[in-house]
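Remember, it's 1-based here, ligands and their atoms both numbered in the order they're listed. Everything quoted here is computed from the prediction, not taken from an experiment.
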Amino acid sequence: FELERLGVHDSVEAVFPPSELADFLADLPLEVGVIGDDEIAACDAAVTLEHREAFLEVDWVHSIQAGVDRFPFGEFEADDVILTNSTGIHDRWVGETVAGYLLSFARRLHDHVANQQERRWDQPEWDEGFTLSGTTACVLGTGTLGSGVAEVLGSLGVRVTGVRRSAEPVPGFEEVYATDNLLEAVADAEFVIVTLPLTDETRHLVDADVFEAMREDAYFVNVGRGPVVDEAALIDALESETIEGAALDVFETEPLPEESPLWELDEVIVTPHCAAFTEDYFRAVGDIVRENVSRLESGEEFYNRVV
Ligand code: NDP
């Protein structure tokens with residue numbers, strides 16, 4: 001197809017200003033502009049966060065997220081629309097956020113921040129703090145996110161193991177388990193960290209059995225997708241002290257409903273699906289778009305093509 005007009009859909013506003021990306025791509029040999037829903041049909045391609053029915057009328061849609069579970073693959077395929085995603089860019093960004101969660105738990109920073117809100121000088125018990133060095137983290141998903149998490153945690157002296165569909169080794173992971181051995185994989189870890197995409201296979205993969213198999217002093221982290229975890233089972237595990245705590249960036253319902261018990265549970269850190277937010281986000285997405293515009297010109301297969 002011919003690429004004459006590429007629209008940056010205004011839904012990306014939730015992650016970065018759409019005009020920043022449009023400006024970044026302004027030197028491409030095509031018309032690039034910010035578009036609302038009404039202007040989708042006039043484009044050949046769109047860069048977006050959310051899905052719109054009208055995207056089935058364009059030739060190519062690029063997701064600014066790695067997770068593409070919000071797009072109807074079957075309809076894209078039927079209507080010959082190419083879908084590409086942004087996997088490959090979030091490795092250290094999310095890795096540093098996860099390191100932040102773990103350091104908060106180990107060094108009690110979340111307690112101090114909470115106390116500070118109340119102007120309360122309250123030192124922790126002598127045995128509350130611990131050090132990350134020498135602990136084990138089991139990371140579910142060994143792709144871009146998982147590898148970034150492994151790299152950052154590895155530099156803090158954490159021993160990192162991984163879980164993927166096969167037990168094939170991955171650089172940065174001391175041991176890799178196949179999903180079939182998930183319960184064995186999580187059993188010895190002080191931290192269990194989900195970096196999985198949401199698929200038919202991963203939906204509710206982390207359930208009551210997984211929390212039961214974890215150490216009682218273990219912390220659970222989810223930076224993948226909310227529905228990979230049975231959230232009711234997670235809340236049960238936290239309330240019954242089957243596990244020690246959790247840091248959660250993604251939820252079954254987003255925004256996390258005001259009545260969710262997760263807001264107020266001890267040893268739970270809630271962040272609003274922003275583990276990958278950085279001022280560089282639009283540039284990294286722009287580089288992928290630029291690469292694919294050039295591949296289209298030279299007739300090569302698209303980079304990060306999903307459909
Ligand atoms: P990748 O495709 O690079 O990695 C996905 C990993 O998941 C692979 O290691 C794959 O391993 C593994 N996997 C897939 N299905 C299964 C399964 N059934 N059992 C076990 N392992 C499985 O994606 P990214 O790392 O870039 O992103 C992963 C997800 O993280 C995204 O889909 C998105 O939902 C989420 N995300 C969240 C962000 C946030 O802000 N919180 C930011 C970016 C991404 P293998 O193929 O070897 O089985």
Path from Leu3 to Val8 over hydrophobic side-chain contacts below 4.5 Å: yes
Taking the six-membered ring of Phe24 as reference, does the cationic atom of Arg290 (NZ for Lys, CZ for Arg) lie under 6.0 Å from its centre and within 45° of its axis? yes
Heavy-atom nearest neighbour of atom 22 (C) of ligand 1 within options Val94, Leu196, Thr195: Leu196
Angle between ring planes, Phe55 versus His51, binned at 30° and 60°: parallel, tilted or perpendicular? tilted
Selected option - heavy-atom contact closest to atom 25 (O) of ligand 1, from Leu145, Asp180, Asn222: Leu145
Distance from atom 27 (O) of ligand 1 to nearest protein heavy atom, with residue and atom: Ala66 CB, 3.9 Å
Atom 20 (C) of ligand 1: closest protein heavy atom, distance to 0.1 Å, is Thr179 OG1, 3.2 Å
Below the 3.5 angstrom mark, is there an N/O of Ser166, backbone or side chain, next to an N/O of ligand 1? no
Atoms in ligand 1 with a heavy atom of Arg225 nearer than 4.0 Å: 33 (C), 34 (O), 35 (C), 36 (N), 37 (C)
Protein contact of atom 11 (O) of ligand 1 - nearest heavy atom, named by residue and atom, plus distance: Arg164 CB, 3.7 Å
Protein contact to atom 8 (C) of ligand 1 [nearest heavy atom, distance to 0.1 Å]: Gly143 N, 3.7 Å
Of all protein heavy atoms, the one nearest atom 38 (C) of ligand 1 is Val223 O, 3.6 Å
What pairs with Glu77 under salt bridge (Lys or Arg N to Asp or Glu O under 4.0 Å), at least two apart in sequence or on another chain? none
Taking the six-membered ring for Trp, are Phe191 and Tyr219 parallel (under 30°), tilted (30 to 60°) or perpendicular (over 60°)? parallel
Please report whether the ring centroid of His90 lies less than 6.0 Å from that of Tyr281. yes
Check whether any side-chain heavy atom of Leu262 lies under 4.5 Å from a side-chain heavy atom of Leu256, and answer yes or no. yes
Numbered in order shown, the ligand 1 atoms found under 4.0 Å of a heavy atom of Ala276 are 40 (O), 42 (C)
Got the closest protein heavy atom to atom 35 (C) of ligand 1, with its distance? Gly224 O, 3.4 Å
Going by the atom numbers of ligand 1, which of them fall below 4.0 Å from some non-hydrogen atom of Gly67? 31 (C), 32 (O), 33 (C), 34 (O)
Top protein contact for atom 5 (C) of ligand 1, by heavy-atom distance: Pro197 CD, 3.8 Å
Short list, please: which atoms of ligand 1 are under 4.0 Å from a heavy atom of Thr202? 15 (N), 16 (C), 17 (C), 18 (N)
Tell me yes or no: between the side chains of Asn304 and His62, is some donor less than 3.5 Å from an acceptor? no
Taking atom 10 (C) of ligand 1 as the reference point, the nearest protein heavy atom with its distance: Arg165 NH2, 4.1 Å
Atoms of ligand 1 close to Glu201 [distance to a heavy atom under 4.0 angstrom, numbered from 1]: 18 (N)
Take the angle between the ring planes of Phe302 and Phe1 and call it parallel below 30°, perpendicular above 60°, tilted in between. tilted
Joint cluster assignment, Leu25 & Leu296, ILVMFWY side-chain distance < 4.5 Å: yes
Using a strict cut-off of 4.0 Å, indicate which atoms of ligand 1 neighbour a heavy atom of Asp249. 39 (C), 40 (O), 41 (N)
Test salt bridge (charged side-chain N to carboxylate O under 4.0 Å, His left out) on Arg215 and Glu190; report intermediate values, then the result. CA-CA 7 Å; Arg215 292 166 54 128; Glu190 280 92 346; 3.6 Å; yes
Short N/O distance, under 3.5 Å, between Thr199 and ligand 1? no
Just jot down the ligand 1 atoms closer than 4.0 angstrom to any heavy atom of His273, in number order. 39 (C), 40 (O), 41 (N)
Using side-chain heavy atoms (C-beta onward) and a distance below 4.5 Å, is Asp249 in contact with Val94? no
Would you mind telling me if ligand 1 is within reach of the side chain of Thr144, the backbone, both or neither, using heavy atoms under 4.0 Å? both
Between Arg108 and Glu125, is the salt bridge (charged side-chain N to carboxylate O under 4.0 Å, His left out) condition met? List the steps. CA-CA 10 Å; Arg108 314 310 299 160; Glu125 295 295 319; over 6 Å; no
Proximal ligand 1 atoms for Thr87, defined as those under 4.0 Å from one of its heavy atoms: 1 (P), 3 (O), 23 (O), 24 (P), 26 (O)
